[in-house]
Amino acid sequence: MSAAPIAPGAYRVNLGGVAVFLIDAPDGVTVIDAGQPGKVDRIMSGIRSIGKMPTDVNNVLITHYHNDHVGSLSELAESVRAKVWVPSAEVSIIRDGGRPPPMDHRGFAGVLASRMIKMVDQSPNPVDHEVEGGDEIQVAGGIRVLDSPGHTRGSVSYLWPHEGGVLFAGDAASNIMGKLDVMPLCEDFPTAERTFVALAKEEFNAAGFGHGRPLLSAAAEAFRRAAHRYSPETAPEV
Ligand SMILES: [Zn+2]
C-alpha cells in the first residue's frame, strides 16, 4: 500500500476503512495513529513507499483510544522502537487495556458506521508520553496538540504548522462521502460540534481524517463553511 502525499512531507496510508498518516521530517518519520489490529505490514509498506525504513520511525502519535486507531499500536511500536504519545485523558485504556464507552450514532452514515466499528476490549499498549491540548511537542519540527473532545472524551488532534499547516484530525472530524462534519458516531455530539467549531478557527491548508478523504488545500476554509451549521454566531468568517 503506497502512501499518498497530502502536503509536502505528509502522507496518508489507507488501511481500508481507516487511514494513518506519516510525517517525514529531519528528526525521522512520525506515524499518526496505528490502524486496526493486523495492519502493521500495510503501515510498513506505506513507510517504504516514501523511501524510508521502519528504523526511521521515531515517534507514534495517537489521537484516541478506539480499536481502529490503536489496534496495531503495540506491534508497530515494538517493530519500529518508536516513542508512543497518547492523550492523557485516555492513557489508562490505551496503556492497560479495557473497553471504551459506547457511542451514539447519527443519520444513515452513523447506522452504517456503528455496524462497522465495534466497541471491543483494547489490548494493552506501550506508552512513553502523555499529551494534552496546548502542548507543543518536539516531534517533526514541532507539533501542536489540540483538545478535541466529543467523539471520545479525551480525543486530541495534531496540528503540524509547516507547509501551510496540516491538521491530523483523528476522528474529531470526518470527510465521509465528501461530507466534512463531526463523526456520525460520538460519545457526546454537542461537545463534538463545539470541537469542530474550535478546529475551524485554526490555520491549516491540508487536513487528514481517520475516516474519509483528506482535504489537500484550503482545508481551514472548508471547516469554516461547515462550522456554520453548528454555530452561525461563533463560527469564524470564511
Ligand atoms: Zn474513533
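None of the values given here were measured: they were computed from a predicted structure. Residues take their numbers from the sequence shown, with the count starting at 1.
In this structure the side chain of L199 reaches within 4.5 angstrom of the side chain of S157, judged on heavy atoms. In this structure, the side chains of Y230 and V182 come closer than 4.5 Å at one or more pairs of heavy atoms. Side-chain contact between P8 and E163 is present, with at least one heavy-atom pair separated by less than 4.5 Å. No side-chain heavy atom of V80 sits less than 4.5 Å from a side-chain heavy atom of D56. Between L180 and F196, some side-chain heavy-atom pair lies under the 4.5 Å cut-off. When side chains are defined from C-beta on, V127 does not count as touching W85, because their heavy atoms never get closer than 4.5 Å. Residues I50 and L22 form a side-chain contact, since some pair of their non-hydrogen atoms from C-beta on lies under 4.5 Å apart.
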Run the salt bridge (Lys or Arg N to Asp or Glu O under 4.0 Å) check on R144 and E202 step by step: do they pass?
-> CA-CA 11 Å; R144 282 178 57 214; E202 300 289 342; 3.0 Å; yes
Under the side chain to side chain contact (heavy atoms under 4.5 Å, CB included) rule, what do H64 and S148 come out as? Steps first, then yes or no, please.
-> CA-CA 10 Å; H64 67 293; S148 297; over 6 Å; no
Take V139 and Y158 through the side chain to side chain contact (heavy atoms under 4.5 Å, CB included) test and state the conclusion after the steps.
-> CA-CA 11 Å; V139 168; Y158 295 100; over 6 Å; no
Evaluate side chain to side chain contact (heavy atoms under 4.5 Å, CB included) for I143 paired with F168, printing each intermediate quantity in order.
-> CA-CA 10 Å; I143 291 180; F168 301 95; 5.9 Å; no
Going through the checks in order, is the side chain to side chain contact (heavy atoms under 4.5 Å, CB included) test met by D104 and C186?
-> CA-CA 5 Å; D104 291 332; C186 283; 5.9 Å; no
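The side-chain tip of R106 points at the ring of F189 from less than 6.0 angstrom away and within 45° of straight on.
Ring geometry for H162 versus W160: interplanar angle of 30 to 60°, hence tilted. Classified by interplanar angle (parallel below 30°, tilted 30° to 60°, perpendicular above 60°), the ring pair F223/F204 is perpendicular.
I47 and L73 fall within a single hydrophobic cluster, where Ile, Leu, Val, Met, Phe, Trp and Tyr are joined by side-chain heavy atoms under 4.5 Å apart, directly or via other members. Linking Ile, Leu, Val, Met, Phe, Trp and Tyr whenever their side-chain heavy atoms come within less than 4.5 Å puts I32 and V156 in one cluster. By the criterion of side-chain heavy atoms lying less than 4.5 angstrom apart, applied directly or through intervening Ile, Leu, Val, Met, Phe, Trp or Tyr residues, L216 is grouped together with F21 in one hydrophobic cluster. Hydrophobic clustering, with ILVMFWY side chains joined whenever heavy atoms are under 4.5 angstrom apart, groups V18 together with V20. Note on I137 and L159: separate hydrophobic clusters, where clusters join Ile, Leu, Val, Met, Phe, Trp and Tyr whose side-chain heavy atoms are under 4.5 Å apart, directly or indirectly.
Within the structure, the side-chain hydrogen bond (donor to acceptor under 3.5 Å, both in side chains) test picks out no pair touching residues 4-20 (sequence neighbours left out).
Between K83 and E130 there is no salt bridge, since no side-chain nitrogen of the basic residue lies less than 4.0 Å from a carboxylate oxygen of the acidic one. A salt bridge links R229 with D181; the closest basic N to acidic carboxylate O contact falls under 4.0 Å. Between K52 and D24 there is a salt bridge, with a side-chain nitrogen of the basic residue lying less than 4.0 Å from a carboxylate oxygen of the acidic one.
Although no hydrogens or angles enter the test, the distance criterion places no donor-acceptor pair under 3.5 Å between the side chain of S72 and the main chain of G35. With D128 contributing its side chain and V84 its backbone, the two residues share a donor-acceptor pair below 3.5 Å. Judged by distance alone, with hydrogens and angles left aside, the side-chain atoms of D188 form no donor-acceptor pair with the main-chain N or O of G150 at under 3.5 Å. With hydrogens and angles disregarded, no donor-acceptor distance shorter than 3.5 Å links the side chain of D68 to the backbone of Q36. Counting only distance, with no hydrogens or angles, the side chain of R224 and the backbone of A200 share a donor-acceptor pair below 3.5 Å. Remark: the backbone N or O of I93 is not paired with any side-chain donor or acceptor of D96 at under 3.5 angstrom. Although no hydrogens or angles enter the test, the distance criterion places no donor-acceptor pair under 3.5 Å between the side chain of D121 and the main chain of G97. Side-chain atoms of N175 come within 3.5 Å of backbone atoms of R213 as a donor-acceptor pair (strictly under, hydrogens ignored). Between the side chain of Q122 and the main chain of I94, no donor-acceptor pair closer than 3.5 Å is present. Side-chain atoms of S49 come within 3.5 Å of backbone N or O of A3 as a donor-acceptor pair.
Atom CG of N59 is separated from atom CD1 of I23 by 9.5 Å, given to the nearest 0.5 angstrom. Going from atom CD1 of I43 over to atom CD of E75 covers 9.0 Å, rounded to the nearest 0.5 Å.
For the pair T195 and P149, the tightest heavy-atom approach, listed with the atom from each and the gap, is OG1-O, 2.6 Å. For P126 against A77, the heavy-atom pair with the smallest separation is CG-CB, 3.8 Å. Here the shortest heavy-atom pairing between S174 and P184 reads OG-CD, 4.1 Å. Residues A82 and V60 come closest through the heavy atom pair CB-CG2, 3.9 Å. Taking all atoms of both residues into account, the shortest heavy-atom contact from H66 to T152 is CE1-CG2, 3.3 Å. Annotation for L76 and A34: closest pair CD2-CB, 4.2 Å, computed over non-hydrogen atoms.
For H105, there are no ring-ring contact (aromatic ring centres under 6.0 Å, His included) partners two or more places apart in sequence or in a different chain.
Donor-acceptor pairing under 3.5 Å is recorded for the side chains of D171 and H69. There is no side-chain donor-acceptor pair under 3.5 Å between N205 and S217. In the model, S231 has no side-chain atom that pairs as donor or acceptor with a side-chain atom of E193 under 3.5 Å. Looking at S88 and E132, their side chains do bring a donor and an acceptor atom within 3.5 Å of each other.
Applying the 6.0 Å contact sphere to CD of E78 captures no more than 12 heavy atoms from other residues, nucleotides or ligands.
Taking the six-membered ring for Trp and the full ring otherwise, H211 and H151 have centroids separated by 6.0 Å or more.
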